[in-house]
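Computed from a prediction, not measured in an experiment: that's the story for all the values here. The chain is numbered in sequence order, starting from 1. Scope of the values below: all heavy atoms of this structure, side chains included, with no hydrogens, waters or symmetry mates.
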Amino acid sequence: MTTENGWRQRYEPVIGLEIHVQLSTRTKMFCGCELSFGEQPNLHTCPICLAHPGSLPVTNEQAVRYALQIALALDCEIAPRSIFHRKNYFYPDNPKAYQISQYDIPLATAGRLGDVRIHRVHLEEDAAKLVHVSASGRIHGSGSSLVDFNRGGTPLVEIVTEPDLDDPATAREWLQLLRTTIKQIGVSDVNMEEGSLRCDANVSLRPVGADALGVKAELKNMNSFRFLERGINAELERQAALLDAEEQVEQETLHFDPRSGELTPLRSKEYAHDYRYFPEPDLVPLAPTEAMLSEARESLPELPASRRERYLAELELADKQATQLAFDADLGAYFEAALAAADGTTPKVIANWVTGELVASLREAKADDADPASSRVSPDALAKLAGMVERKEISTGAARRVLATLVAEGGDPTRIVEREGLGQLDDSGELEAIVARAVESDPEAAARVRDGNMKAIGPLVGFVMRETKGRADGGEVTRLIRERLGLG
Ligand code: ADP
Ligand code: MG
Ligand code: ZN
């Protein structure tokens, strides 16, 4: 039986996400080892993170501060007293044979980000990293696993949403909002490729209009935004086909292979772990003081959701532009810097130059890094340029040329305009003379325009723009040509 997209008329997707965020603290969650990424394996270990008998964990205060900032940014209620548990499991990535995590009393609950409710936010430690070496590798035998304990014990914040998402694309967009929010706070690199942001997706279908949730499957460790969306889509198709065939969806954990598009079971509910949670006897409960809470609250920067609101309400930016500048942390920081440098230029004009011309010309110049902050165009220079255009001191065409020079070598737009003689041609006598020459030089085009074929005006305008090196205002040139041809 084939299930075309038609199933969307019968079933409604329900999606909830579980997200792990590696905190960028200086040291690990329960010991003094430094965090490292991409370093030689097993450099950063000690008796605590290697689980030597008799060693004792100590909670990292910076990790608690960071976790509080995240929880507050997600509008959560902070537990006055949360508890660390031991989550027991036997696997080579964890020498203690348990992970210290939070269980029935997490750090924070009942939050919200955008349209999605947050179920809980808690603190835990990361496992070590397993590196699988194939038989063709340099390790003997038919393939082996190596363990790198550098990652073991890295502070993690786990964020669990309520099942409030109903569409794969929306899930992806929401995860992007979460990523930008955490990036803005500055407590994690939140990089999916490097694993500092990891996401599991819980997916189910239910008949349209039903209240009860269907049986869910869990997609583990989606490592890019694109794969998250594709994986959920693939899983929805699979479940729809099962339901259409009147078969049951099994509660299980799946792995999505982005290359083949296939979903393979990791473990089913029957083999679910029994983690035998019990309170960690070596740690005191986590009880943030009032001072810690207010410090965390005060140190939060403006977050994407409220920044977007401000751009819409106060700066009157268009919806799409406000979203782009609020949700892209790098571009947003650049825009804010340009705004601060501008005197009197309309924010919308600056926004247009940042999201339009600047982004486009950085891409065109194939700058290694299309991030405007690391380009040669300073926010000051861009604000100045936008101001000159708005005050009609230079034409849009001339401004594009100034921008190209800025992208290539940096500098001050006012000087570049002087040096290259790009100031607006406001001497209309001079412009009229050039228009007259344009009409003489191409009598055929002139005749066609006179006959009402406005498309033929292109070569005439082009002539004037070449002669003026783009300094003339396009609208003015068109007006003068029409006037010249008696159409004014
Ligand atoms: P489990 O006990 O299997 O871990 P939880 O109730 O803790 O399940 O939920 C884990 C995640 O799955 C949460 O993000 C939650 O929103 C989501 N979730 C729960 N039930 C469903 C469902 N029926 N369909 C989709 N997502 C669900
Ligand atoms: Mg769970
Ligand atoms: Zn250590």
Y103, OH: over 12 other non-hydrogen atoms inside 6.0 angstrom:
no
Main-chain N/O of H44 paired to E34 side chain as donor or acceptor, under 3.5 Å
no
Check salt bridge (Lys or Arg N to Asp or Glu O under 4.0 Å) between R26 and all other residues, then give those that pass, not counting sequence neighbours.
none
Hey, are the side chains of H122 and S82 touching, using non-hydrogen atoms and a 4.5 Å cut-off?
no
Contact list for residues 196-213, test salt bridge (charged side-chain N to carboxylate O under 4.0 Å, His left out), sequence neighbours left out
E12-R206, D126-R198, D200-K220
How far does CG of L205 sit from CZ of R238, to the nearest 0.5 angstrom?
10.0 Å
Heavy atoms, side chains only, cut-off 4.5 Å: are L286 and Q102 in contact?
yes
Could you pull out the closest heavy-atom pair between A67 and L107, with the gap in Å?
CB-CD2, 3.6 Å
V203 and K216: CA distance, side-chain angles, deciding distance, side-chain contact (heavy atoms from CB on, under 4.5 Å) verdict:
CA-CA 5 Å; V203 179; K216 71 174 158 73; over 6 Å; no
E409/R376 ion pair, N-O < 4.0 Å
no
Which heavy atom of D380 sits nearest to which heavy atom of A341, and what is that distance?
OD1-CB, 3.4 Å
Non-neighbouring partners of A408 that pass side chain to side chain contact (heavy atoms under 4.5 Å, CB included), sequence neighbours left out
none
Could you tell me whether the side chain of R112 and the main chain of G114 form a donor-acceptor pair under 3.5 Å?
yes
Where at least one partner belongs to residues 338-347, residue pairs that pass side chain to side chain donor-acceptor pair (under 3.5 Å), sequence neighbours excluded
T346-E390
Set of residues satisfying salt bridge (Lys or Arg N to Asp or Glu O under 4.0 Å) with respect to R226, sequence neighbours excluded
none
Using a strict cut-off of less than 4.0 Å between a Lys/Arg side-chain nitrogen and an Asp/Glu carboxylate oxygen, indicate whether D189 and K183 qualify as a salt bridge.
no
Can you tell me how far OG of S361 sits from CZ of R400, rounded to the nearest 0.5 angstrom?
10.0 Å
Which atoms form the tightest heavy-atom contact between S204 and L236, and what is the distance?
O-CD2, 4.2 Å
Gap separating the OG atom of S36 from the CG atom of D148, nearest 0.5 angstrom:
7.0 Å
Are Q99 and E125 close enough, and set up right, to give a side-chain contact (heavy atoms from CB on, under 4.5 Å), and what steps lead you there?
CA-CA 7 Å; Q99 176 195 30; E125 57 178 339; 3.9 Å; yes
Heavy-atom side-chain proximity of L480 to E476 below 4.5 angstrom:
yes
Mind checking whether P13 and Y11 have side chains closer than 4.5 Å, heavy atoms only?
no
So CE of M388 and OG1 of T414: to nearest 0.5 Å the spacing works out to 4.5 Å
Taking all non-hydrogen atoms of both residues into account, name the closest pair between G411 and A381 and its distance.
O-CB, 3.9 Å
The residue among V377, L385, L382 that forms side-chain contact (heavy atoms from CB on, under 4.5 Å) with P413 is L385
When rounded to the nearest 0.5 angstrom, what distance separates CD in E218 from CG in L17?
10.5 Å
One pair to check against side chain to side chain donor-acceptor pair (under 3.5 Å): T109 and E77. What are the steps and the verdict?
CA-CA 5 Å; T109 52; E77 287 165 25; 4.5 Å; no
May I ask you to decide whether E418 forms a salt bridge with R415, counting only side-chain N to carboxylate O separations under 4.0 Å?
no
Quick check: do K28 and N60 have side-chain heavy atoms less than 4.5 Å from each other?
no
Pairwise ring-ring contact (aromatic ring centres under 6.0 Å, His included) hits with a residue in residues 297-354, at least two apart:
Y311-F335
Which atom pair, heavy atoms only, marks the closest approach of C76 to I118?
SG-CG2, 4.1 Å
Suppose we screen for side chain to side chain contact (heavy atoms under 4.5 Å, CB included). Which residues come up paired with M454, at least two apart in sequence or across chains?
V449, I457, R482
For E124, salt bridge (Lys or Arg N to Asp or Glu O under 4.0 Å) partners two or more places apart:
none
Would a distance-only check, ignoring hydrogens and angles, find a side-chain to backbone donor-acceptor pair under 3.5 Å from N453 to K455?
yes
For K129 and N150, indicate whether the former's side chain and the latter's backbone hold a donor-acceptor pair under 3.5 Å.
no
Of the non-hydrogen atoms in A73 and T181, which two are nearest, and what is the gap between them?
CB-CG2, 4.3 Å
Report the C-alpha distance between T355 and Q321 in whole Å, list the side-chain angles of each, state the deciding distance to 0.1 Å, and finish with yes or no for side chain to side chain donor-acceptor pair (under 3.5 Å).
CA-CA 7 Å; T355 60; Q321 198 167 43; 3.0 Å; yes
About how many Å separate CD of E393 and NZ of K384, when rounded to the nearest 0.5 Å?
11.0 Å
Show your working on side-chain contact (heavy atoms from CB on, under 4.5 Å) between L197 and I182 and close with a plain yes or no.
CA-CA 10 Å; L197 173 66; I182 294 173; 5.6 Å; no
Taking the side chain as every heavy atom from C-beta outward, state whether M222 and E229 have any pair of such atoms under 4.5 Å apart.
no
Hits for side chain to side chain contact (heavy atoms under 4.5 Å, CB included) against E467, two or more places apart or cross-chain, chain-then-number order -> I434, R437, F463
Is there any side chain to side chain donor-acceptor pair (under 3.5 Å) pair reaching into residues 299-310, and which pairs are they, with sequence neighbours excluded?
Q69-S299, E302-R307, E302-R310, R308-D319, R308-T323, R310-E336
Sequence neighbours left out, what passes side chain to side chain contact (heavy atoms under 4.5 Å, CB included) with A337? Give chain and number order.
P379
Got a sec, which pairs hit salt bridge (charged side-chain N to carboxylate O under 4.0 Å, His left out) with one end in residues 160-171, sequence neighbours left out?
R117-D164
Passes side-chain contact (heavy atoms from CB on, under 4.5 Å), E18 versus C199? Steps please.
CA-CA 6 Å; E18 293 174 273; C199 182; over 6 Å; no
pair V359-P372: side-chain heavy atoms closer than 4.5 Å
no
Q239 versus W7: any side-chain heavy-atom pair under 4.5 Å?
no
